[in-house]
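Okay, so here's the structure we're looking at.
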Number of protein chains: 4
Amino acid sequence: MAPLNEEQLHQIRDERREQILGAAIKVFARRGIIGTKMSMIAAEAGISHGLLYHYFSSKEELFTTLIEDAMEGAEAATRGVYELPGTPIEKIRALSMEMLDESGTPYFMLIHHARTSDGVPDKVKELIDRHDMNAFIERLLPLFREAQQAGEIVEGSPEELISSYLSVLSGLMVLNAQGIEGYRLPDVDMLLRLIARP
Amino acid sequence: MAPLNEEQLHQIRDERREQILGAAIKVFARRGIIGTKMSMIAAEAGISHGLLYHYFSSKEELFTTLIEDAMEGAEAATRGVYELPGTPIEKIRALSMEMLDESGTPYFMLIHHARTSDGVPDKVKELIDRHDMNAFIERLLPLFREAQQAGEIVEGSPEELISSYLSVLSGLMVLNAQGIEGYRLPDVDMLLRLIARP
Amino acid sequence: MAPLNEEQLHQIRDERREQILGAAIKVFARRGIIGTKMSMIAAEAGISHGLLYHYFSSKEELFTTLIEDAMEGAEAATRGVYELPGTPIEKIRALSMEMLDESGTPYFMLIHHARTSDGVPDKVKELIDRHDMNAFIERLLPLFREAQQAGEIVEGSPEELISSYLSVLSGLMVLNAQGIEGYRLPDVDMLLRLIARP
Amino acid sequence: MAPLNEEQLHQIRDERREQILGAAIKVFARRGIIGTKMSMIAAEAGISHGLLYHYFSSKEELFTTLIEDAMEGAEAATRGVYELPGTPIEKIRALSMEMLDESGTPYFMLIHHARTSDGVPDKVKELIDRHDMNAFIERLLPLFREAQQAGEIVEGSPEELISSYLSVLSGLMVLNAQGIEGYRLPDVDMLLRLIARP
DNA sequence: TATGAATGAGGTTTCATTCAT
DNA sequence: AATGAATGAAACCTCATTCAT
């Protein structure tokens, strides 16, 4: 009886959902949760604002969904670093490039907004608490220890090394995600000097 | 019941003005222009929101005033670097420390918000355009050239070196200004490795 | 794949129509015209909300249709009272029971909503004006006069007697139609004491 | 320093609050919580809709405040019945008149809406549960028992007597509160026949 | 006939700004 | 100078209604 079969409907829903998520991440990344108006997302996605609410029940839910995805992505990236080929520092280099990559930064910017804004839903606060810097450090600890043993990076507390290095990367990602004139993303090889043994 | 004389009134006005500006920079730095409500500034300054409008005609004007001050401060800091004692890289080191210093970052955060937000008055956009990264680069160019000639920092385009190095500092200031748990501000000496000759 | 013939289609249309009207009266009775969403009616009827608009062009039309039916039903009930067996007060008793009867109250509740709400279409207002309390009074006047002459009910203006008695019944129907805990529908015999000669 | 002293401000706030509550009860009583728009209350009170939110943080809170008052009023009325002069049935008569009195009915209508509507805040549901019909019955039980012993009202379960009688009163209040043409509020003496011994 | 995606008018709520005192 | 009551534009969200399939 149905005029469109279930599969077609499912496909439309999925496409629209992705379309909205894609539009939302763009706008949220640039403007944060308060600065983003639902009408902006709708306009970016090329749909009416009413339709947003067929797919996400509120601005909060939309934001939370994106944060969840971003968290998963960030986690996967750090986990996946061990699968990469090469010496330890080559793996760190590859991870750095991935993090600074254009496509990844909006997600990172989103996390930045989630950390720093105030109108952020409680669910997101929990998510962030569970996926905080310490989790990253722990996941990267074996890799940095290995690199130290191989004499590829400087001595000293590997935890501090990781958190300092990630902070530099984070700061750059935040700047980069805005797409602002004037800032220059440094070369990965320049960044590696922060930790590399001379 | 003799009224205050003109001088006393003038003094009150000036004190209040500073009080408001101090409160405003704190709040703006943390929340950006959209996320900041006039009532927050009033509360931070310990006055009524109505009184704000005796001193600044709008949120825009208040923000713009702060940006102007911040620009001047940043300019002064880079100009002043030549007066500092020591070798070129010691001057760069001192400038870096000043930029990352707690007291300076709110101003920097403000500029960051001004660059990245959209609800920013046109006057501010002009200010930013006039004081952009290129201006900084030009002011620091002699210093970096000198450092290269002294063999203290690496070879290569000094412009690129400056803009990369300032971008790293900027990113860190942005993170730092938020006062968020988890991020670790790297040591200045670690940062200098980005540009220092091994 | 032969399409249904015209008669079958007609039958489907009629069934659907009744199905929708039945669902609508339930929901409207409980929630009134503003509180009722088209999606509620669709859900109650087990169809899609889009289909509602094949049968009724708007919420207004649906509501109006129900009111028309309810009015006719109420009129028929009061007219039919004369056909009932027994003495006058026995007829009044039977009419009272019918009005308080579970199945009749949703219609009455509907009329109540139509009287008291504001989002009510003009056509409904006209309907109500034409079928108002006075019409009921006039139709019941002979019956009550007869009952007075038979010494079964108290003396006094029969019009006032009827309108007071109907108001009590109406109030109870309104309470009853909501199906709320706590209210107790009085016995018909108790109610008859309002008008019965001791 | 304050341009208006505290007392004057307090008085303004109190007056406005009462003004708003008075306007709100009128509109809520007629239209229920969903049917009432904040702009209607503002218009009725002769103020801007924005000002409503200086005094009540939401439509919910405004409604809840009114319900609390209404509950207290209803409770006080039934408690106070024992202080009234006269025989038991005279006290019941006085209570009945008070309940049907013009000024009391909007409050009662409010409770009716709270009971029957769906958009009602949870806090209100709790309030209603705590002040339900059973509470009324218990408070009136001694009075009705006394009246039975004095032979003033009919025999039988006093609980049923009370709840039936209160239901009739409730139904009438609901009709009455709407101020609709056509319904006639019966005489108190007529109503007393429901329970009075012949 | 039947479905549910899509639209947009209208309601609730927030907050920058004005103004009487 | 100082306060806080008051206003209204603009944002979020709901839901009656339309329309492609």
Side-chain angles (χ1 to χ4, degrees), chain A residues 1-6 8-10 12-13 15-16 34-42 46-60 119, chain B residues 3-4 8-9 12-13 15-16 34 36-42 47-60 62 119, chain C residues 3-4 8-9 12-13 16 34 36-42 47-60 62 119, chain D residues 1-6 8-10 12-13 15-16 34-42 46-60 62 119:
Chain A
M1 286 293 164
L4 286 177
N5 66 44
E6 204 166 311
Q8 285 171 308
L9 282 175
H10 196 72
I12 288 179
R13 282 196 74 82
E15 277 174 21
R16 276 278 175 279
I34 307 181
T36 295
K37 297 165 202 165
M38 289 299 261
S39 58
M40 292 171 177
I41 298 174
I47 60 173
S48 73
H49 70 269
L51 190 55
L52 285 182
Y53 291 89
H54 278 252
Y55 290 88
F56 299 93
S57 65
S58 66
K59 192 159 91 164
E60 262 193 24
Chain B
L4 301 175
Q8 284 172 310
L9 282 177
I12 288 180
R13 274 198 77 82
E15 277 174 22
R16 277 272 182 276
I34 308 183
T36 295
K37 300 168 200 169
M38 289 299 261
S39 59
M40 291 171 176
I41 297 173
I47 60 172
S48 76
H49 64 271
L51 190 54
L52 286 181
Y53 289 87
H54 281 250
Y55 292 90
F56 299 93
S57 67
S58 69
K59 192 158 94 164
E60 263 192 23
L62 186 44
Chain C
L4 301 174
Q8 284 171 310
L9 283 177
I12 288 180
R13 275 199 76 83
R16 277 273 181 277
I34 307 182
T36 295
K37 300 169 197 167
M38 289 300 260
S39 59
M40 291 172 177
I41 297 174
I47 60 172
S48 74
H49 64 270
L51 191 53
L52 286 181
Y53 290 86
H54 281 251
Y55 293 89
F56 299 93
S57 66
S58 69
K59 191 158 94 163
E60 262 192 24
L62 186 44
Chain D
M1 288 293 165
L4 283 178
N5 66 44
E6 204 167 310
Q8 285 172 310
L9 283 175
H10 196 73
I12 288 180
R13 280 196 76 82
E15 275 173 22
R16 276 278 175 280
I34 308 182
T36 295
K37 297 164 201 166
M38 289 300 260
S39 57
M40 292 171 177
I41 297 175
I47 60 173
S48 75
H49 68 271
L51 190 55
L52 286 181
Y53 290 87
H54 278 250
Y55 291 89
F56 299 93
S57 65
S58 67
K59 190 159 93 166
E60 261 192 24
L62 185 45

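In what follows, every heavy atom counts, from backbone to side chain, and hydrogens, waters and symmetry copies are set aside. Per chain, numbering begins at 1; letters A, B, ... match sequence-line order.
Between C:Leu62 atom CG and C:Glu60 atom CD the span is 11.0 Å, to the nearest 0.5 Å. In this structure, the separation between CG on A:Leu52 and CD1 on A:Ile41 is 6.5 Å, given to the nearest 0.5 Å. Atom OG of B:Ser48 and atom OH of B:Tyr53 lie 11.0 Å apart (nearest 0.5 Å). In this structure, D:Met38 CE and D:His49 NE2 are separated by 9.5 Å, a value rounded to the nearest 0.5 Å.
The CG-C1' distance, from A:Asn5 to E:dA2, rounds to 14 Å in whole Å. Atom CD1 in D:Ile47 sits roughly 12 Å away from atom P in F:dG8 (whole-Å rounding). Atom P of nucleotide F:dA20 and atom CG of A:Leu9 are separated by 16 Å, given to the nearest angstrom. In this structure, A:Ile34 atom CD1 and F:dA10 atom C1' are separated by 16 Å, rounded to whole Å. Atom NZ of C:Lys59 is separated from atom C1' of F:dT17 by 12 Å (rounded to the nearest Å). Going from atom CD1 of C:Ile12 over to atom P of E:dA2 covers 6 Å, rounded to whole Å. Straight-line distance from the CD1 atom of B:Ile41 to the P atom of E:dT17: 10 Å, rounded to whole Å. F:dT14 atom C1' lies 14 Å from atom CG of A:Leu51, rounded to whole Å.
Put simply, the side chain of D:His54 and the base of F:dA6 share a donor and an acceptor less than 3.5 Å apart.
Taking the nucleotide of DNA chain E with the nearest heavy atom to each of B:Met38 and C:Gly50, the more 5' of the two is matched to C:Gly50. Ranked by how close their nearest DNA chain F nucleotide is to the 5' end, B:His49 and C:Ser58 are led by B:His49. Taking the nucleotide of DNA chain F with the nearest heavy atom to each of B:Ser48 and D:Leu52, the more 5' of the two is matched to B:Ser48. Comparing D:Lys37 and B:Thr36 against DNA chain E, the residue whose closest nucleotide sits nearer the 5' end is D:Lys37.
Inter-residue side-chain proximity for A:Glu15 and A:Ile12 is flagged as unmet; no heavy-atom pair is nearer than 4.5 Å.
At the heavy-atom level, C:Tyr55 lies under 4.0 Å from the strands shown only through sugar-phosphate atoms.
For A:Tyr55 against A:Arg13, the heavy-atom pair with the smallest separation is CE2-O, 3.6 Å.
Using a 4.0 Å cut-off, no side-chain N or O of A:Tyr53 falls inside it from OP1 or OP2 of F:dT14. Side-chain nitrogen and oxygen atoms of D:Arg13 include none within less than 4.0 Å of the OP1 or OP2 phosphate oxygen of F:dG4.
Although no hydrogens or angles enter the test, the distance criterion places a donor-acceptor pair under 3.5 Å between the side chain of D:Gln8 and the main chain of D:Asn5.
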Pairing string of DNA chain F (Watson-Crick or G-U wobble, both atom distances under 3.5 Å; | = paired to other strand) is .||||||||||||||||||||

